[in-house]
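Everything numeric here is computed off the predicted structure, so don't read it as measured data.
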Amino acid sequence: MDLQELRRKIDGIDEQIAALYEQRMEICKDVAEYKISTGKKVLDRQREAEKLEKVSALAHNEFNALGIRELFEQIMSVSRKLQYQLLAENGSMGRLPFIGVDHLETAGIRVVFQGAPGAYSQAAMQQYFGEQVHSFHVDSFREAMGAIDEGNADFAVLPIENSTAGIVSEIYDLLVEYENYIVGEQIIRIEHCLLGVPGAKKEEIQRVYSHPQSLMQSARYLQQYNWQQISMQNNAFAARKVAQEGDRSQAAIAGEHAGRIYGLEVLEKGVNQSEGNSTRFIVVTNQKIFRRDARKISICFEVPHKSGSLYHMLSHFIYNHLNMTKIESRPIEDRNWEYRFFIDFEGNLADSAVKNALRGLREEARNMKILGNY
């Protein structure tokens, strides 16, 4: 037989497969109707495991057995998504516990940021809420999260990602630990400056203070000099230390904003090597709210520790035509080699496609949490 004849035979088989697939999906609709009437869950792990073993046993060699197993895993995954869709249309899967608002209430609010006056977090807060906002600062990210959790602040502004240094992993972990939610974000351009006491010259500098990430981002500049590099908890703390001690041999790497606050002189601008360096800050509150015009959703979940688990979770975004923009993983404490996944995707909690995807994820993933819509 020539190639064209072989292809015609395959086409004929594929037509049969397509017809049988549609028959199967029609029956899945009946299954969904049954589950609507009885309240039975869509995912039945034991039933699916038994089904996979049964269909795999129909194959005549190991290669085909693995292929049939993979094929039916996908067929059953799509069947579940159809059932989630039908259950949602019939109002049988409950509401998401978030309230849509037209805008964030900002009158009389208190906002907390981590660091000292002059920190980039303060600059991000002022860009988002305005310079007259009533605010206070704390030493650590945990204290900031605790302040809104306890009601001492209405919002917190926290750095979550830098375009060159990557994620702030502690923030991801705290979003899981606390019942606080993202309601906004602010991206600001980072331009590190070399700051010294008034009258200081670069030739006099012996020690430079800054946050470890800022030192790393300025490594190319710093390698020109034989300066001792000393890590600080925050850039603003570094600027404050240099200003308070008044030592001309000391300098800080921080933003120009911090220099103005502490009366330091800019010895050189743009010492970080990336001109496009930016940091993304999130605005967090303890209320389960989202703006009705929000277009980004952040979630996290855990998956069973077995082959294909993450693939099946991500298929909910594919099936519902949702654009995933970011995925990160963090190790789960006290569970070696297991990970929690953090995902950003486009959408609004009021969208039907988003509801379908989240309900499927909630039923199939472990400990799925909506971190915010903003």
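- Checking Tyr339 against His305 by side-chain atom types alone, no donor-acceptor pair falls below 3.5 Å.
- The ring of Phe345 has its center closer than 6.0 angstrom to the ring center of Phe317.
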task = With side-chain hydrogen bond (donor to acceptor under 3.5 Å, both in side chains) as the test, would you mind laying out the steps for Tyr84 and Glu364 before giving the verdict?
result = CA-CA 11 Å; Tyr84 292 136; Glu364 297 180 23; 2.8 Å; yes

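- With 3.5 Å as the limit, one finds no donor-acceptor pair spanning the side chains of Gln122 and His137.
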query = Hey, mind stepping through Asp14 and Lys9 against salt bridge (charged side-chain N to carboxylate O under 4.0 Å, His left out) and telling me if it holds?
reply = CA-CA 9 Å; Asp14 289 346; Lys9 286 180 177 291; over 6 Å; no

query = Going through the checks in order, is the side-chain hydrogen bond (donor to acceptor under 3.5 Å, both in side chains) test met by Lys326 and Ser298?
reply = CA-CA 9 Å; Lys326 186 176 183 62; Ser298 294; over 6 Å; no

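- Defined by atom type and a distance below 3.5 Å, a donor-acceptor pair is present between the side-chain atoms of Gln186 and Gln127.
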request  = Go through the steps for Arg24 and Ile75 under the test side-chain contact (heavy atoms from CB on, under 4.5 Å), then give the verdict.
outcome  = CA-CA 9 Å; Arg24 193 183 198 282; Ile75 288 173; 3.6 Å; yes

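- Judged by distance alone, with hydrogens and angles left aside, the side-chain atoms of Asp344 form no donor-acceptor pair with the main-chain N or O of Ile327 at under 3.5 Å.
- Inter-residue side-chain proximity for Leu87 and Val42 is flagged as met; some heavy-atom pair is nearer than 4.5 Å.
- Expressed to the nearest 0.5 Å, how far CG of Leu361 lies from CZ of Arg366 amounts to 14.5 Å.
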key: Ile282 and Ile171: CA distance, side-chain angles, deciding distance, side-chain contact (heavy atoms from CB on, under 4.5 Å) verdict   = CA-CA 10 Å; Ile282 53 173; Ile171 300 299; 3.9 Å; yes

request  = Applying side-chain contact (heavy atoms from CB on, under 4.5 Å), run through Asn162 and Asn277 and close with a yes or a no.
outcome  = CA-CA 7 Å; Asn162 178 267; Asn277 188 7; 2.8 Å; yes

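- Gln224 CD: more than 12 foreign heavy atoms inside a 6.0 Å radius.
- Atom CG of Leu267 sits about 9.5 Å away from atom SG of Cys193, to the nearest 0.5 Å.
- Closest of all the heavy-atom pairs between Gly118 and Ala236 is C-CB, 3.8 Å.
- Rounding to the nearest 0.5 angstrom, the gap separating the CD atom in Gln223 from the CD atom in Gln229 is 10.0 Å.
- Residues Tyr21 and Glu26 have side chains that never bring a donor and an acceptor to within less than 3.5 angstrom of each other.
- More than 12 non-hydrogen atoms from other residues, nucleotides or ligands lie less than 6.0 angstrom from CG of Asn323.
- At a cut-off of 3.5 Å, with distance as the only test, a side-chain donor of Arg207 or Ser249 sits close to an acceptor on the other residue.
- His192 and Gln217 share a side-chain donor-acceptor pair at under 3.5 Å.
- Both Met368 and Leu314 are assigned to one and the same hydrophobic cluster, defined by single-linkage of ILVMFWY side chains at heavy-atom distances under 4.5 Å.
- Under 3.5 Å, the side chains of Ser214 and Asn235 contain a donor-acceptor pair of N or O atoms.
- Side-chain contact annotation: Gln250 with Tyr209, donor-acceptor N/O pair under 3.5 Å present.
- Ile261 and Val242 fall within a single hydrophobic cluster, where Ile, Leu, Val, Met, Phe, Trp and Tyr are joined by side-chain heavy atoms under 4.5 Å apart, directly or via other members.
- In this structure, Tyr34 places its OH atom where only 12 or fewer heavy-atom neighbours from other residues, nucleotides or ligands lie under 6.0 Å away.
- One hydrophobic cluster holds both Phe155 and Met125 under the rule that ILVMFWY side chains link at heavy-atom gaps under 4.5 Å.
- Annotation: the span from Glu346 atom CD to Thr325 atom OG1 amounts to 6.0 Å, rounded to 0.5 Å.
- One finds the CD atom of Glu265 at 10.0 Å from the CG atom of Leu195 (value rounded to the nearest 0.5 Å).
- Within a 6.0 Å radius of CG in Leu58, more than 12 heavy atoms belonging to other residues, nucleotides or ligands are found.
- A distance-only check finds a donor-acceptor pair linking the side chain of Asn180 to the backbone of Met145 [under 3.5 Å].
- For Gln114 (side chain) and Asp139 (main-chain N/O), a donor-acceptor pair under 3.5 Å exists by modelled atom type.
- Inspection of the Glu268 and Tyr221 side chains reveals an N or O donor paired with an N or O acceptor under 3.5 Å.
- Note: Ile148 CD1 to Tyr178 OH = 9.5 Å, rounded to the nearest 0.5 Å.
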task = Check the pair Ile253, His211 against side-chain contact (heavy atoms from CB on, under 4.5 Å), reporting the backbone distance first and the verdict last.
result = CA-CA 8 Å; Ile253 290 179; His211 186 275; over 6 Å; no

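- Ring centroids of Tyr181 and Phe98 are separated by less than 6.0 Å, placing the two rings close together.
- Hydrophobic cluster membership differs between Leu174 and Ile332, with clusters built from Ile, Leu, Val, Met, Phe, Trp and Tyr side chains linked at under 4.5 angstrom.
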Give every donor-acceptor pair under 3.5 Å between a side-chain atom in residues 59-72 and any protein atom, sequence neighbours left out.
{"from": "Asn61", "atom 1": "OD1", "to": "Phe63", "atom 2": "N", "distance (Å)": "3.2"}
{"from": "Asn61", "atom 1": "OD1", "to": "Asn64", "atom 2": "N", "distance (Å)": "2.7"}
{"from": "Arg69", "atom 1": "NH1", "to": "Glu53", "atom 2": "OE2", "distance (Å)": "3.2"}

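- Not less than 6.0 angstrom separates the ring centroid of His316 from the ring centroid of Phe301.
- Looking at Tyr311 and Gln74, their side chains do bring a donor and an acceptor atom within 3.5 Å of each other.
- Between the side chains of Ser135 and Arg110, no donor N or O sits under 3.5 Å from an acceptor N or O.
- Clustering ILVMFWY residues whenever any of their side-chain heavy atoms sit less than 4.5 angstrom apart, transitively, puts Val157 in a cluster other than the one holding Tyr172.
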